[in-house]
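To start, the structure itself, in structure tokens.
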Amino acid sequence: MKVLVADDSRVMRQLVIRTLRQAGYGGLEVLHAADGREAVDVTLREQPHLVLSDWDLPLLSGIDALGVLRGAGVTVPFGFVTAETSREVRDRAAAAGAQFVIAKPFGVEDFQEALAGLLPARR
Amino acid sequence: MSVHLPHPKQVRDLFAQLLSREVRLGPGSAVTPGERTPASVALYVDDDGRPRAALAWDLHLSVRAAAALGVVPLRHAEVSIKGGSLTESLRENLHEVADVAARLFNDGGATHVRLDALHAAGWALPDEARAAALTLGRREDLAMEIGGYGPGRLSVVLL
């Protein structure tokens with residue numbers, strides 16, 4: 001199962017991956033993107049089962065990357081992992097087709113709750 | 001709308017969850033960036049780009065928080081403390097800490113702020129950043145201890 005983690009911070013990508021594994025999602029093939037354009041390119045090429053993206057990304061923001069993908073007919077489950085957690089951000093994320101917004105800092109239970117029903121947990 | 005000073009409990013809870021470590025907090029002395037007292041300063045601006053808040057970490061807490069985020073062994077991080085500046089890798093980690101710490105100011109319908117810049121300890125510190133850290137008035141000066149990494153000082157300043 002492929003998961004794309006899009007964040008310009010290498011350490012944050014590592015934290016997301018570690019927390020995913022702690023949440024029971026082991027054995028994943030993890031793809032990385034450091035900016036929004038790379039996130040779109042990797043998604044179109046690799047067709048991951050899930051995209052986890054920061055809100056603010058270089059070159060193309062996370063919300064704009066989601067817009068590009070949805071506009072291209074890509075229906076991959078997409079969630080934001082971000083420190084931006086205002087009502088406006090959540091509403092924009094939902095309107096653009098995101099399934100969830102996980103707030104930084106996050107815990108294992110945040111991923112378990114968000115991903116229940118989207119990805120089967122593997123232990 | 002205005003920016004609120006976070007309650008110390010909010011500060012402790014955010015750092016504890018972000019770093020996945022026990023964090024203890026108590027009253028401390030002000031972080032005062034200077035040539036012999038390197039410190040990291042994060043500046044936060046509102047949606048109009050106006051400076052509204054700052055966080056300042058002394059060198060010890062800058063290194064320890066950055067190391068804790070990346071699960072860098074303490075003995076490796078201590079080299080930065082002795083050297084008086086953060087490595088590039090620790091600077092990146094601290095940037096992420098500062099970015100997430102914007103949440104301290106954004107809860108409860110307050111004016112939205114975001115991280116504008118992080119000036120890491122031991123690197124060039126613009127006068128504006130130094131002045132922000134030294135601003136009198138609405139501020140909290142805290143002593144923080146990160147479990148497994150050790151203590152340092154954090155100042156939370158409204159501008």
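All heavy atoms count here, side chains included; hydrogens, waters and symmetry mates do not. Throughout, protein chains are lettered first and strands after them, A, B, ... in sequence-line order, and every chain is numbered starting at 1.
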Check each atom of [X] against the heavy atoms of chain B and say whether the ones under 4.5 Å are side chain, backbone, both or neither.
X       : result
A:Glu88 : neither
A:Arg18 : side chain
A:Thr82 : neither
A:Ser9  : both

Would you check if there is a donor-acceptor pair between the side chains of B:Asp141 and B:Ser155 at a distance under 3.5 Å?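 Yes, because at least one side-chain N or O of B:Ser155 sits under 3.5 Å from a partner of the opposite role on B:Asp141.
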Check A:Arg90 with A:Glu84, please: is the shortest side-chain N to carboxylate O separation under 4.0 Å?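 Salt bridge absent between A:Glu84 and A:Arg90.
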Which atom of B:Ser89 lies closest to which atom of A:Arg10, heavy atoms considered: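 Heavy-atom minimum between the residues: OG-NH2, 3.5 Å.
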So which of B:Leu69, B:Asn106, B:Leu19 has the biggest tally of heavy-atom pairs under 4.5 Å with chain A?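 Most heavy-atom pairs within the cutoff with chain A belong to B:Leu69.
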For B:Glu96, is it the side chain, the backbone, both or neither that has a heavy atom under 4.5 Å from a heavy atom of chain A?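 Only the side chain of B:Glu96 comes within 4.5 Å of chain A.
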Can you check salt bridge (Lys or Arg N to Asp or Glu O under 4.0 Å) on A:Arg45 and A:Asp41, steps first, answer last? CA-CA 6 Å; A:Arg45 185 176 68 242; A:Asp41 291 344; over 6 Å; no
Okay, side chain of B:Tyr149, backbone of B:Val63: is any donor-acceptor separation there less than 3.5 Å?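 Such a contact is absent between B:Tyr149 side chain and B:Val63 backbone.
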